[in-house]
Amino acid sequence: ITQLQEADVLPIEDWNTRCELVNWQIVNCSTAANYFHVLRRQMRRPFRKPLVVIAPKKLLKLRDAGSDIEEFNQGLRFKRIIPDKWEKLANYDKVKKMVFCSGQVYYDLHNERVKN
């Protein structure tokens, strides 16, 4: 396992470019349960595939990124997409644009949305 120093941090776009030809898995977990499930999946696979976790240190301490204990149960899996549970979402027929984001970006956008 290799851990990059802070000076060696690469944008996720650079990781995607570097990994086009190799079979690496790049994840940016937005919740504690998702982080747990991706590590569990990595260990339980019958084959080895390099795993790159893109996660800021700030996200590890963020209370909103925590998970309920039920989300760690067996039978649950890594979620590739976590739907937004905000109660003030527009109806699907009124949606003109969708934004896919993960990690700290999601929580920053959510906090701005709650303020307004």
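The structure displayed is predicted, hence computed values, not measured ones.
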Could you check Q104 against L62 for side chain to side chain contact (heavy atoms under 4.5 Å, CB included), going step by step and ending with a plain yes or no? CA-CA 9 Å; Q104 187 63 43; L62 189 64; 4.2 Å; yes
Apply side chain to side chain contact (heavy atoms under 4.5 Å, CB included) to residues R45 and Q25 and explain how you reach the verdict. CA-CA 13 Å; R45 280 188 168 152; Q25 180 180 6; 3.0 Å; yes
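- The closest side-chain heavy-atom distance from L39 to L51 is below 4.5 Å.
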Can you check side chain to side chain contact (heavy atoms under 4.5 Å, CB included) on V27 and F78, steps first, answer last? CA-CA 10 Å; V27 296; F78 174 74; 4.1 Å; yes
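- Put simply, the side chain of N73 gets close to the backbone of E70: a donor and an acceptor are under 3.5 Å apart.
- A distance-only check finds no donor-acceptor pair linking the side chain of Q42 to the backbone of H37 [under 3.5 Å].
- The heavy-atom pair separating C29 from V38 by the smallest distance is SG-CG1, 3.8 Å.
- For N111 (side chain) and Y107 (main-chain N/O), a donor-acceptor pair under 3.5 Å exists by modelled atom type.
- For Y35, the OH atom sits in a loose shell: 12 or fewer heavy atoms of surrounding residues, nucleotides or ligands are nearer than 6.0 Å.
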CA sep, side-chain torsions, deciding dist, call: T31, K79, side chain to side chain contact (heavy atoms under 4.5 Å, CB included): CA-CA 10 Å; T31 65; K79 296 178 183 177; over 6 Å; no
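- The minimum heavy-atom distance linking A32 with S67 is given by the pair N-OG, 3.4 Å.
- In the displayed structure, R44 atom CZ is contacted under 6.0 Å by at most 12 heavy atoms of other residues, nucleotides or ligands.
- Put simply, CZ on R41 and CZ on F36 are 13.0 Å apart, with the number rounded to the nearest 0.5 Å.
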